[in-house]
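I have placed the structure first, in the form of structure tokens, so that the comments after it can refer back to it.
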Amino acid sequence: MISTKEFARRRKQLMRMMGKDSIAIIPAAPEKIRNRDVEYPYRPDSDFYYLTGFAEPEAVAVLIPGRPQGEYLIFCRDRDPKMETWVGRRAGTQGAVDEYGADDAFPIGDIDDILPGLLESRERVFYTMGSFPEFDRHVIDWVNRIRQGARAGARTPDEFITLEHLLHDMRLYKSRSEIRVMRAAAKVACRAHRRAMQVCRPGRHEYEIEAELLHEFRRANMEPAYPSIVGGGENGCVLHYTSNRSQLNAGDLLLIDAGAEYDCYASDITRTFPVSGRFSPAQKALYKVVLAAQAAAIEQVQPGNHWNDPHQAAVKVLTRGLVKLGILKGKPGELIRKEAYRRFYMHRTGHWLGMDVHDVGDYKVGGEWRVLEPGMVLTVEPGLYIPTGTRGVSRKWWNTGIRIEDDVLVTRDGHDVLSEAVPKSVDEIEALMA
Ligand code: GLY
Ligand code: MN
Ligand code: MN
């Protein structure tokens with residue numbers, strides 16, 4: 001878990017970058033209705049949680065660097081014995097101060113009265129428009145209210161700046177404790193993937209395997225970081241398949257893309273293995289191409305390399321492999337230039353990973369691919385997808401969806417694969433499933 005000290009350190013760092021005469025407004029995510037009066041389980045907004053560690057809805061954090069009466073304010077729900085009997089404990093304003101380190105806290109119902117006054121004396125407002133449209137309207141109302149007071153001498157802020165640039169750059173570099181939490185999330189996800197391999201049999205259903213993943217997540221106090229993908233045979237070729245309702249056939253591959261989330265940090269792992277425990281020769285040949293592509297891509301995860309280097313390495317190995325197997329025809333260099341592989345490999349080799357599974361952070365800086373630096377975490381996930389009926393490809397390759405995905409930390413002298421603990425070589429997988 002992330003300590004209250006670390007949350008405080010993050011706020012300090014952000015305020016330092018914001019500079020004097022500025023204010024940041026960070027709203028909590030609203031609750032979402034699932035159906036009628038049933039809500040989805042509440043998941044805090046990552047930006048809000050990153051700065052507060054506060055997991056309740058109907059809250060707003062305000063940072064006002066240099067304000068003598070207090071730099072960090074929380075607006076939140078009051079304690080309410082009746083509501084707390086029905087839906088659980090609330091921190092209340094006292095808890096916001098005592099447990100979450102706010103310098104001062106106010107009931108959320110008072111925000112309309114208090115916030116315009118806080119904005120008035122500040123030149124720059126850091127606020128991310130567009131994430132929560134309803135809250136955007138409040139912010140506009142507050143600013144308009146100050147404008148109306150301008151004749152009486154009130155000063156409207158000059159600049160509105162999105163918080164994303166500063167905050168998302170901070171989030172891209174993971175601290176030691178963040179890495180510890182991400183390692184824990186990956187470890188449990190690995191356990192879940194191993195369990196899935198061990199219980200998989202022809203005749204079982206995708207949802208039964210999904211249940212095994214959930215079992216491992218929940219018993220470690222974790223939950224899925226995104227809906228688990230459990231796709232047998234053709235379903236493995238559907239990149240975001242989540243219905244997980246088909247029966248598993250002997251002779252098919254099973255692709256599982258599932259990650260655990262712990263304290264709002266994600267893991268994101270994919271393994272592909274034979275439903276009956278043994279790869280067919282064709283499956284093995286394709287699988288080995290993807291595995292080699294992944295190894296080549298992971299090798300490129302080094303400080304000083306560029307964001308795109310792992311992708312380029314993967315594409316090279318995949319293309320050469322497809323040529324060797326006779327699935328692509330032509331010269332590899334030429335095929336790569338023409339992106340001929342995209343028929344079988346239509347996504348990129350990875351993304352940043354952190355509090356959000358597709359985490360924040362720019363991939364290009366000044367028009368150039370970003371340089372990898374220690375503390376960044378990314379996924380490496382090449383694949384090959386050849387659904388039944390793919391024209392111009394021999395039948396023996398059909399009905400094959402393969403992806404292999406690991407979570408990789410950039411370290412000072414290379415990389416560290418956080419999701420190593422689940423097998424991915426042909427021999428290891430077949431041994432575990434035997
Ligand atoms: N699980 C989503 C992804 O791999 O990007
Ligand atoms: Mn991924
Ligand atoms: Mn994934």
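Sequential numbering from 1 along the given sequence is applied to the chain's residues. Atoms within a ligand are numbered from 1 in the order they appear, just like the ligands themselves.
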Problem set entry | Atom of His351 nearest the Mn ion (ligand 2) (restricted to N/O/S, atom name only) |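 Considering only N, O and S atoms, His351 comes nearest to the Mn ion (ligand 2) through NE2.
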
For this session: Verify, without hydrogens or angle tests, whether Tyr341 (side chain) and Lys316 (backbone) share a donor-acceptor contact under 3.5 angstrom.
Result: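 Checking the backbone N and O of Lys316 against the side chain of Tyr341, no donor-acceptor pair under 3.5 Å is found.
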
Problem set entry | His347-Tyr345 aromatic ring centre distance below 6.0 Å |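 Yes - the distance between ring centres of His347 and Tyr345 falls below the 6.0 Å cut-off.
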
Exercise. Using 30° and 60° as the class limits, which term best fits the ring planes of Phe279 and Tyr287: parallel, tilted or perpendicular?
Worked result: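 The arrangement is tilted - the two ring planes meet at 30° to 60°.
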
For this session: Quick one: sort the Trp352 and Tyr363 rings into parallel, tilted or perpendicular, breaks at 30° and 60°.
Result: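 Taking Tyr363 first and then Trp352, their aromatic rings lie parallel (interplane angle under 30°).
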
For this session: Heavy-atom contacts with Tyr226 under 4.0 Å: which atoms of ligand 1 show up? List them by number with element.
Result: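 The atoms of ligand 1 under 4.0 Å from a heavy atom of Tyr226 are 1 (N).
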
Problem set entry | Where ligand 1 meets Glu405 - atom numbers and elements under 4.0 angstrom, heavy-atom basis |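 Counting atoms of ligand 1 from 1, those under 4.0 Å from Glu405 are 4 (O).
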
Exercise. Among protein heavy atoms, which lies nearest atom 5 (O) of ligand 1, and at what distance?
Worked result: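 Ranked first by proximity to atom 5 (O) of ligand 1 is His358 NE2, 2.7 Å.
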
Problem set entry | For atom 3 (C) of ligand 1, closest protein heavy-atom neighbour |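 Scanning the protein heavy atoms, the shortest distance from atom 3 (C) of ligand 1 goes to Asp268 OD2, 3.3 Å.
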
Exercise. Once rounded to 10 degrees, what value does the angle at the Mn ion (ligand 2) take between OE2 (Glu405) and OE2 (Glu381)?
Worked result: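 Value returned, to the nearest 10°, is 80°.
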
Exercise. Hey, is there an N, O or S on Asp268 sitting under 2.8 Å from the Mn ion (ligand 3)?
Worked result: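 A backbone or side-chain N, O or S atom of Asp268 is under 2.8 Å from the Mn ion (ligand 3).
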
Exercise. Taking 4.0 angstrom as the limit, do Arg171 and Asp47 come out as a salt bridge?
Worked result: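 Yes, charged N to carboxylate O under 4.0 Å.
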
For this session: Inspect the contact between Lys424 and Glu428 and indicate whether a charged nitrogen and a carboxylate oxygen are less than 4.0 angstrom apart.
Result: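 Answer for the salt bridge query: no.
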
Problem set entry | Asp257-ligand 1 polar pair, N/O distance under 3.5 Å |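 By distance alone, the answer is yes.
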
